[in-house]
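Everything numeric here is computed off the predicted structure, so don't read it as measured data. Quick note on labels: first sequence line is chain A, next is B, and so on, each numbered from 1.
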Amino acid sequence: MWEIRFSGFGGQGIVRCALITGKACSLYDDKFSTMTQSFGPEARGGACSSQLLVSDERIAYPYVTVPGVLIALSQEAYAKYEPELGDGGILIIEEELVKPTGDANRVRLFPVPATRFAEELGNRLFANLVVLGFFSAITKAVSADAMKKALPGLVPDRFLKVNMQAFDKGYDYGLKALEAEGKGSGASS
Amino acid sequence: MRKVAADPKGVDSGSHFMDGDHALAEGALAAGCRFFAGYPITPSTEVAERFAERCPHVGGLFIQMEDEIASIAALIGGAWGGQKVMTVTSGPGFSLMMENIGLAVMTETPMVICNVQRCGPSTGLPTLTAQQDMMQVRWGSQGDYRIIALSPDSPQECFDLAIEAFNLSETYRVPVFIMTDETVGHMHEKVVVPPAEQIEVLDRNWYTGPKEDYRPYDFTGNLPAPMVKAGDGYRFHTTGLTHDERGYPAGSVEVHKKLLDHLIGKIDNNVDKISKTEDSGLGDAEVVVISYGITSRIAAKAIADGRKAGIKVGAMRLITVWPLCENRIREIASKVKGIVVPEINMGQVVLEVERVVGGRCKVISVPHAGGAVHDPEVILDAIKEAVK
């Protein structure tokens with residue numbers, strides 16, 4: 001069972017990230033997944049978090065208890081949710097938006113320059129797809145193939161291609177980060 | 001009643017990753033609902049959005065009304081015009097609907113009303129979950145009557161129960177309520193929509209006899225009279241006043257008793273056919289958790305933890321909350337030490353469970369003021385208390 005929390009502020013595509021991943025897992029990877037979300041009354045800018053459970057069996061309790069993966073795209077989200085991440089859990093952060101302050105050895109930290117990569121592709125709005133590609137490569141909780149199949153309908157048709165590119169960019173960077181971690185040099189170096 | 005396969009136009013067959021709200025709209029469309037009148041309110045708005053978006057493709061009609069009072073009025077008209085009809089609301093909108101819900105009950109008008117419950121009283125916590133309208137749905141309109149209320153625990157069940165709700169509504173000519181909550185409404189999971197030919201829907205029981213013999217009501221205390229479509233040439237009258245079987249006002253105590261015996265009897269005499277539960281681990285259970293909707297999935301964790309700790313605990317999930325399956329609960333109560341009833345309100349359905357159990361075993365209420373689901377630990381503590 002994967003317990004995953006996506007977090008950041010409203011407008012970053014946090015809920016969209018969880019939706020794409022949940023759709024990929026339940027429709028194309030043949031797993032069970034349950035996605036819940038919490039948000040304030042603001043349309044943009046408020047704290048935003050989405051929870052995703054992925055399992056081989058039917059899911060009863062629909063919330064994360066001890067998340068094994070935390071994706072934090074804002075400092076506020078990092079501060080709020082990092083303490084609940086399990087020991088040895090995977091922490092994915094947008095490296096320009098989040099400066100980690102916690103115990104660096106408690107979790108496996110994977111920073112990604114998602115905004116910069118997205119800007120290189122033409123628009124920072126693609127940053128969430130960079131993060132999803134990165135997340136998929138690091139965790140293997142979902143296959144890249146399933147993620148790409150899940151995109152149509154959840155991103156605008158005219159941006160489908162560039163979103164795929166953003167996903168690939170994050171995915172390749174994630175594989176490299178994993179390799180770097182394996183060599184003991186740390187993903188952030 | 002004629003069982004027919006669903007109209008393929010309204011059935012979006014295949015696997016989807018969707019939330020409970022969208023699944024409710026899809027279920028209604030699959031059931032043949034082609035008329036929706038409503039007023040948007042969080043957290044139910046997505047049902048209306050989905051229905052409205054699909055209307056042009058399936059040949060349906062969506063009207064945004066000026067308020068929820070008018071929404072039910074429009075449904076009554078739509079139903080007598082021959083359509084299967086639905087609306088959706090939450091919180092304050094449900095309160096506004098109450099008067100005309102009584103009119104729908106009195107005129108035996110089939111309709112489906114979804115309440116995606118949020119936290120009250122009043123505007124309360126508009127974006128957060130609750131199960132606080134469970135007694136309001138039963139008694140919210142004036143006078144004595146019966147309704148049917150279902151409570152789905154997942155997006156898939158939102159789809160399935162929407163179809164069931166329409167079928168029940170057509171069978172008993174009564175408003176049927178889908179009492180879901182913000183959590184299930186906004187939760188995304190896989191929803192499988194079967195091919196149209198595998199979805200069984202009930203066609204309205206249409207009257208086909210001679211025009212001069214038509215009567216809109218039949219006080220059988222059981223199944224109601226067939227209906228006609230306004231404008232098809234049948235003469236009929238209907239009113240919120242106490243009426244006879246022709247539908248005309250009849251202000252006598254005797255007729256009123258006959259009418260009420262029918263409105264109540266058609267539900268009470270069919271509880272076993274209407275009421276559905278999902279039971280697990282009842283065989284050896286010393287404690288049973290009775291819950292409904294999202295709370296049953298929270299209770300599932302407490303029950304699993306209880307079993308791990310060696311407690312013989314089972315579960316009864318009320319898929320149909322009203323009418324309550326009283327005989328089944330009595331049966332359980334005579335075999336167990338205690339019954340635990342968690343719900344996201346300060347104790348509503350538990351009052352009825354206590355009445356039904358009548359001292360046969362302990363009944364422990366696990367209330368929650370709303371805005372979130374229970375901590376499973378609190379339910380587990382109640383289970384431990386009940387088994388003592």
Give the table of side-chain donor-acceptor pairs shorter than 3.5 Å for residues 285-292 of chain B, with sequence neighbours excluded, one pair per line with atom names and distance.
{"unit_1": "B:Tyr292", "atom_1": "OH", "unit_2": "B:Glu343", "atom_2": "OE1", "d": "2.5"}
{"unit_1": "B:Tyr292", "atom_1": "OH", "unit_2": "B:Asn345", "atom_2": "ND2", "d": "3.3"}

- Message: side-chain contact (heavy atoms from CB on, under 4.5 Å), that's the test. Do B:Thr320 and B:Cys325 meet it? Break it down for me.
- Response: CA-CA 8 Å; B:Thr320 314; B:Cys325 50; over 6 Å; no
- Which region of A:Leu154, side chain (C-beta onward) or backbone (N, CA, C, O), has a non-hydrogen atom less than 4.5 Å from a non-hydrogen atom of chain B, or is it both or neither? neither
- Message: Can you tell me which portion of A:Tyr63 sits under 4.5 Å from chain B's heavy atoms? Options are side chain, backbone, both or neither.
- Response: side chain
- Query: So, do B:Ile199 and B:Phe159 sit near enough that their side-chain heavy atoms are less than 4.5 Å apart?
  - Reply: yes
- Taking the side chain as every heavy atom from C-beta outward, state whether B:Ile344 and B:Cys119 have any pair of such atoms under 4.5 Å apart. no
- Identify which part of B:Pro376 has an atom lying under 4.5 Å from any heavy atom of chain A, answering side chain, backbone, both or neither. side chain
